[in-house]
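Since the structure comes first, as structure tokens, the remarks are kept for the end.
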There are 2 protein chains.
Amino acid sequence: MTEVDAQRLARRAAILKSMAHPSRLLIIEMLEQAPRCVGELTEAIGADITTVSKHLAVMKRVGLVCDEKHGTYSEYRLLCSCVTHLIDCVEAGMDAQSCDAP
Amino acid sequence: MTEVDAQRLARRAAILKSMAHPSRLLIIEMLEQAPRCVGELTEAIGADITTVSKHLAVMKRVGLVCDEKHGTYSEYRLLCSCVTHLIDCVEAGMDAQSCDAP
DNA sequence: GACATTATTGGCAAGATCGCCAATAATAGT
DNA sequence: ACTATTATTGGCGATCTTGCCAATAATGTC
């Protein structure tokens with residue numbers, strides 16, 4: 001495996017890692033419908049706002065979301081709209097197949 | 001958010017988490033081409049075989065792969081073939097968009 | 001300017017993850 | 001039966017993650 005391959009895999013792993021949490025998946029689903037500020041997301045998740053802010057910071061760092069300031073509000077939105085659909089696909093594929101029926 | 005929603009998100013998060021590691025992504029890419037035994041995967045990854053075996057155990061637990069015994073060998077194969085394609089899509093979507101060009 | 005609102009950052013404790021070694025299990029070959 | 005090969009499990013330390021509190025920053029309102 002080349003160095004380039006290793007970097008590619010590491011980058012993809014980072015993207016997946018930034019999505020691999022229930023709160024973050026909820027954030028993704030909400031942002032798919034509309035941009036939201038941190039407070040709205042926090043209310044839906046039911047955690048501390050500092051926790052949600054840190055989740056968003058991670059997702060921003062890997063390029064999954066971006067933010068735009070409006071006064072004291074930070075409006076976040078998705079940078080890739082196909083994300084949830086992808087996960088639907090993974091689940092559907094796994095439900096359909098199994099080792100018992102090769 | 002209902003209890004059902006929380007469970008759905010938790011399940012999806014578990015699936016993503018089981019993929020969110022460079023070695024596991026390499027495993028997925030290799031299994032997309034053909035079923036492999038643990039030793040082959042271990043050689044490609046360059047880690048200890050016990051480490052790879054544990055990666056595979058996690059991926060099996062969430063239903064991403066399954067295994068079949070052939071003598072002393074364990075042959076692993078993907079249960080969902082669309083996985084890498086999905087990640088391609090995430091990356092492509094993120095490269096194409098940005099907050100600067102809404 | 002004083003205060004309220006919104007969000008971010010630093011810090012910390014609890015828990016999870018990762019990777020290696022040692023030990024064990026299971027099978028094949030002699 | 002003995003040994004070799006392949007894989008899994010237990011255990012441990014090092015590291016990373018998660019979520020809350022406290023403190024800080026940034027902006028709007030009076």
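Below, chains carry the letters A, B, ... as their sequence lines are ordered, and counting in each starts from 1. Any value given below was found using the heavy atoms of this structure, including those in side chains, with hydrogens, waters and symmetry copies removed.
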Legend entry - Point-to-point distance, once rounded to the nearest 0.5 Å, from CG of A:D5 to CG of B:L26: 8.0 Å

Inset, instruction - Identify, with sequence neighbours excluded, every residue that meets salt bridge (Lys or Arg N to Asp or Glu O under 4.0 Å) alongside A:K60. - result: A:D67

Inset, instruction - Could you tell me whether the side chain of A:H21 reaches within less than 4.5 Å of the side chain of B:R12, counting heavy atoms only? - result: no

Legend entry - Rounded distance [0.5 Å steps], CD in B:E40 versus CD in B:E75: 8.5 Å

Inset, instruction - May I have the distance from B:H70 (atom NE2) to D:dT5 (atom C1'), rounded to whole angstrom? - result: 17 Å

Legend entry - Rounded interatomic separation in angstrom, taking CG from B:D67 and C1' from D:dT6: 13 Å

Inset, instruction - Remember a base hit wins even if backbone is also touched, and classify B:T50 as base, sugar-phosphate or nothing at under 4.0 Å, heavy atoms. - result: base

Inset, instruction - Indicate yes or no: at least one non-hydrogen side-chain atom of A:R36 is less than 4.5 angstrom from one of A:L31. - result: yes

Inset, instruction - To the nearest Å, give me how far apart CG (B:L41) and P (D:dT6) are. - result: 14 Å

Inset, instruction - Could you list where the contact with chain B starts and ends along DNA chain C, reading 5' to 3', using a 4.0 Å heavy-atom cut-off? - result: C:dT17 to C:dA28

Inset, instruction - Give A:S74 one of three labels, base, sugar-phosphate or nothing, depending on what nucleic acid heavy atoms sit under 4.0 Å from its own. - result: sugar-phosphate

Legend entry - 5' precedence on DNA chain D between B:E40 and A:T72 (nearest-nucleotide basis): B:E40

Legend entry - Among D:dT18, D:dT5, D:dT27, the nucleotide that comes nearest once only the side chain of B:Y73 is considered: D:dT5

Inset, instruction - Please tell me if the side chains of B:V58 and B:L64 come closer than 4.5 Å, counting only heavy atoms from C-beta onward. - result: no

Legend entry - B:R8 with A:E29: basic N within carboxylate O range, under 4.0 Å: yes

Inset, instruction - Report the distance from atom CZ of B:R36 to atom P of D:dT6, rounded to the nearest whole Å. - result: 16 Å

Inset, instruction - Measure from NZ on A:K69 to P on D:dA25 and round the result to the nearest Å. - result: 14 Å

Inset, instruction - Indicate yes or no: at least one non-hydrogen side-chain atom of A:D48 is less than 4.5 angstrom from one of A:T51. - result: yes

Legend entry - Value rounded to 0.5 Å, distance of CD1 in B:I27 from CG in B:L78: 10.0 Å

Inset, instruction - Can you sort out which residues in residues 53-60 of chain A have a heavy atom within less than 4.0 Å of DNA chain D? Ascending by number, please. - result: A:K54, A:H55

